[in-house]
Amino acid sequence: MPAAPTEKRIVMLEDLLKNGLLAALEKFGVFEEDVDIILEKPRDRGHGDLSTNLAMVLGKRLGKKPRELAGEIAAGIDLPKAVVESVEIAGPGFINFRLAPAYQVELLLNLMDPDGALEDIRTGGNKRINVEFISANPTGPLNVVSARAGAFGMTLVRLLDAIGYDAHAEYYVNDAGRQIKLLGASLRAHYMQLMGESVVFPEDGYHGRYLEIMAQELTEQDAEAIVKAASAFNDESFQRVQAPPGNAEDWRKLPEDESVGCFAKFALMKILSWQRDTCRRFGLRFETWYFESELHESKRVERALDKLDKLGALYVEEDATWFRASNYGDEQDRVVIKADGAPTYFLADIAYHYHKFQRGFEHAIDFWGPDHHGHITRMQGAMEALGVPKDWLEVQILQQVNFVEGGRTVKMAKRAGKFVTMDELIDDVGADVAKYLFLTRKPNSHLDFDLDLAKEQSNENPVFKVKYAHARICKLIRRAAEAGIEPGQPTAASLCKLPDVAEWNLVRELIRLPQVIVSAANSREPHRLTGYIFDVAGLFNQFYQRPGSRILGEDKELTLARLHLCVVTRQVLRVVLELIGVDAPEELEVKV
RNA sequence: GCGCCCGUAGCUCAGGUGGAUAGAGCAGCGGAUUUCUAAUCCGCAGGCCGCAGGUUCAAGUCCUGCCGGGCGUACCA
C-alpha cells in the first residue's frame, strides 16, 4: 500500500514553483509560515500555464502596490529553464509561469507510460469502497431514472478504481415487505381475471401492462417451464431467486396468503431477470446483489434493533418503537417498529447499512433519488448511533430526469404503469448515447432528456463528435501505415518538433488528464469527463483541420511528430471513454 | 411552515479550493472544402450570471434576505 503523493509530478512542479517563490520572498521578510501560496491554472491561455495571486495577497501587508511587488518577486525568482520557460507579470499583479515545451512533452509521454501519470494518481491505497446504485424496487422493469443512476454509479466505480481504490458495485433488492405482497396480489388478480374469475383488484396495486402480459404467460406455462425460467439465476448472487412449486393453477388453489406469496415469488423472479438483463445491456456489472429478505432471515434486522436498544437509542410510544433521530440532527424521531409489530423499511435499511459496514468497507457511497433526500440525516444518524464513523456513509442525490417528447414533458408514474423503460431507451438511442448524455450534467442538476433529439442520432449529439475523433485518428494511423510510416511509441525528440499553436493547444489539454480524473472522482462529478473529451475532440479537430496543412505530409519528421500527437490523443480518448463505459470504435460509418 | 436542489446567451448547459475580457453545443447569419471519412473547421451576432444588500484588493462563485421553479416533509417502500 504505497503512500503515494497525490499527482506526484504535478505536485513536484508546484513544489518547485512554490520554493522558488519562497526564496524570492525572503528579502521581504515573508516566510513559508506567513503565507499560503496558491497556484492555479489561468482560464485564459495567454496568461500562461500556472499563475499565482501572491503579490495581490501580500500587497497590503507589505505596503506595496501589487503590480510593483509582483515585478520585484518575479525578478528575484530562479527556476530551471528546462521546466519554466518564462515568468511574467500581468493584470493587477498576477505572476504567470509558462512551462517549457520540453517539460510539457515529458508530461505528455507520461500518459503513455503504464507507470507514468496514471499510476501516480493511484493514491487510494486499495481501500474498499462500496458504491450502491439503482436499487430499484423489483416491482417493474427498470425505468430511465435508473439509467441515469447506472451511468453515474458505474462510472464512479471505475473512477475510484482509477485513483487506486477498490470500488465495489452493489445493488440492493427490496424483496420483502408490503410492496412485494401487493405485487403478488396484483399479478394474481390479473391471472384470476384471465381465468374468468371476478376478483377485486388490490387497492394501490400495480397496473402496469407488463403484469397483464406476465399473467397471460402464466396461463400458458407449465411447471417445468417456470422452473426452467428460474434456472437462469444459477449464479451465486441470485441463489435466493427460486421458482415457487407447481404451476399457476396450483398457486391459485392455495389459501389467499400462500397464493399471493407464490405469485409474488414468480413476479419477482421475472422482474429481476429483466432488471438484471437490462443492467447487462447497459454495461453495468454488480459484484453484489443484496437481498433484503436475507436481512430478515439472518436476523440482522433484529440484531440491529437490539443493538440500538442496548445503546439507548430507542423508546416506545403509542405502541410503536422509535429511533431517537432528533439526537442526530433529524427534525424528529423515526419509527422503526410499527404499532402492529412490523419493522419499517427504515429499520431494514439500518440493518443493511450496518452489515455493509461489518463487511469491511471503509467507505460507502449511495446514490439516491431526490425523493429520499430527507432520509439522509436519519440514516447517517442511525449509523452514528451504532458507532460507525461519522463520514462513513456518503449519500449522493441524483436529481430527477424529465423526459421531453414532442416539446412536452413526459410524466412518469410507476403505479400508473406509464413510463419509459430503460430497455426502450437503449433500443431507441443506444446504450452509448444514453450513457454519454446522462453524464453531461452534474448529478444534482435536473436533467431534461430530449427523447426526440437523442433518437435522432444527428450531429447535434456530442458523443458522435468524440467517437468520430477517435475513429479518425485510427484511420490516420492506418493510412500512415499504408504509406510505410509506423509511428510506434511517441518520443520526446519527435514531439518537441511540433511547430503549430493548434498542436500545443492540444498538448496542454491532453496533459490535464490525470487532474481531470482525480477531480471527477473526488468531487463525484463524472460530467467533468465528458466535458473534457468533448474539448479534446474539438482541439484535435482544430489541429486536424488547420488550413493548408496535413498531418501526413512531405516532411517525414513533422509527419512522425504529428502522428505521435495523434497516438497520445487516441490514448487519452480511450482512457476516458473506457471510464464512462462508452465504446471507442476504430471506424465509424459516415451518414450522409 | 420547515428542509433539499435549481435559476448564467433564443434553447440545453459548462464555469476545481473566490481571480484577469463569463464559455461551449444547438438554433440564426456569413465563410472554408475537388477529405488524411465534413458527424469537420473559421468568423459574426447574441449576457443587469433571478433581485437586493454584505464580506474584500477581487464575487457567477462566499454570507444574509427576498422572488421564481422542482422535490420532499408517513407507524409507504
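Note that these values count all heavy atoms, side chains included, but never hydrogens, waters or copies made by symmetry. Because the structure is predicted, anything quoted here is derived from the model rather than measured. Chain A is the first sequence line, chain B the second, and so forth, proteins listed ahead of strands; every chain is numbered from 1.
- Phosphate proximity of B:rU12 to A:Ser445: absent, as no side-chain N or O sits under 4.0 Å from OP1 or OP2.
- As the counterpart of B:rC41, B:rG31 is assigned, both hydrogen-bonding distances of the Watson-Crick or G-U wobble pattern falling under 3.5 Å.
- Nucleic acid contact class of A:Ala55 (heavy atoms, under 4.0 Å, all strands): none.
- Look at the P atom in both B:rA27 and B:rG15: the space between them is 23 Å, to the nearest Å.
- A salt bridge links A:Glu503 to A:Arg562: at least one charged side-chain nitrogen sits closer than 4.0 Å to a carboxylate oxygen.
- B:rG69 and B:rA74 have their P atoms separated by 23 Å, given to the nearest Å.
- Of the candidates B:rU12, B:rC75, B:rG3, B:rU12 carries the atom nearest the A:Arg441 side chain, counting heavy atoms from C-beta on.
- Partner of A:Gln179 under the side chain to side chain donor-acceptor pair (under 3.5 Å) criterion, chosen from A:Asn137, A:Asp204, A:Thr139: A:Asn137.
- Under 4.0 angstrom from either OP1 or OP2 of B:rC42 there lies at least one side-chain N or O belonging to A:Gln542.
- The aromatic rings of A:Tyr172 and A:Tyr352 lie parallel to each other, with less than 30° between the two planes, well short of the 60° mark.
- B:rG7 and B:rU34: their P atoms are spaced 44 Å apart (whole Å).
- Counting only heavy atoms from C-beta outward, the side chains of A:Leu211 and A:Leu183 approach each other to under 4.5 Å.
- A donor-acceptor contact under 3.5 Å is not formed by the side chain of A:His372 with the base of B:rG72.
- Considering only the side chain of A:Asn541, B:rC41 comes nearest among B:rG16, B:rC41, B:rC71.
- Using P as the reference atom, B:rC6 and B:rU21 are 27 Å apart when rounded to the nearest Å.
- Put simply, the side chain of A:Thr440 and the base of B:rA14 share no donor and acceptor less than 3.5 Å apart.
- Looking at the side chain of A:Asn444, the nearest of the listed nucleotides B:rA77, B:rG15, B:rC6 is B:rC6.
- Counting non-hydrogen atoms under 4.0 angstrom, A:Ala471 reaches a base of the nucleic acid.
- Looking at the side chain of A:Val57, the nearest of the listed nucleotides B:rC57, B:rU40, B:rC75 is B:rC57.
- Not less than 6.0 angstrom separates the ring centroid of A:His375 from the ring centroid of A:Phe346.
- A gap of 12 Å separates the P atoms of B:rU61 and B:rU17, to the nearest Å.
- Using a 4.0 Å heavy-atom criterion, one finds that A:Thr377 contacts no nucleic acid atom at all.
- Residue A:Tyr468 has a polar side-chain atom (N or O) positioned under 4.0 Å from OP1 or OP2 of B:rA39.
- Here A:Ser135 lies out of heavy-atom contact (under 4.0 Å) with every strand.
- Residue A:Asn96 is the one, among A:Asn96 and A:Ala320, whose nearest nucleotide of RNA chain B lies closer to the 5' end (criterion: closest heavy atom).
- Taking every side-chain heavy atom of A:Gln179 into account, B:rA77 is the closest of B:rG16, B:rA77, B:rC57.
- Between B:rU73 and A:His373, no contact under 4.0 Å exists linking OP1 or OP2 to a side-chain N or O.
- Contact annotation: the side chain of A:Tyr436 approaches that of A:Thr530 to within less than 4.5 Å [non-hydrogen atoms, C-beta and beyond].
- Across all strands shown, A:Asp44 has no heavy atoms under 4.0 Å from either base or sugar-phosphate atoms.
- With centres under 5.5 Å and a plane angle under 30°, the ring of A:His47 is stacked against the base of B:rA20.
- When each of A:Glu317 and A:Lys465 is assigned the nucleotide of RNA chain B with its nearest heavy atom, A:Lys465 is the one assigned upstream, toward the 5' end.
- Judged by a 6.0 Å distance limit and a 45° cone about the ring axis, A:Arg472 is positioned over the six-membered ring of A:Tyr544.
- A:Arg546 comes within 4.0 angstrom of no nucleic acid atom, judged by non-hydrogen atoms across all strands.
- Among the protein residues, A:Lys442 comes within range of the sugar-phosphate backbone only, with heavy atoms under 4.0 Å from sugar or phosphate atoms but none that close to a base.
- A:Phe133 and A:Tyr171 have their aromatic ring centers separated by at least 6.0 angstrom.
- When heavy atoms are screened at a 4.0 angstrom cut-off, A:Ala90 is found touching base atoms of the nucleic acid.
- Residue A:Phe94 and nucleotide B:rA20 are classified as a stacked aromatic pair, their ring centres being separated by less than 5.5 Å at an interplanar angle below 30°.
- Residue contacts for A:Lys475: at a heavy-atom cut-off of 4.0 Å it reaches a base atom on one of the strands shown.
- Note on A:Ile180: nothing from the nucleic acid sits closer than 4.0 angstrom, heavy atoms only.
- A donor-acceptor contact under 3.5 Å links the side chain of A:Asn53 to the base of B:rG19.
- Distances were taken from every side-chain heavy atom of A:Glu40 (C-beta onward) to each of B:rU17, B:rG15, B:rC5; the shortest belongs to B:rU17.
- Within the nucleic acid shown, A:Tyr544 comes within 4.0 Å of at least one base atom, counting heavy atoms only.
- A:Arg43 has no side-chain polar atom (N or O) that falls below the 4.0 Å cut-off from OP1 or OP2 of B:rG23.
- Residue A:Phe464 places its side chain closer to B:rA39 than to any other of B:rA14, B:rA20, B:rA39.
- When the C1' atom is used for both B:rA9 and B:rG28, the distance is 13 Å, rounded to whole Å.
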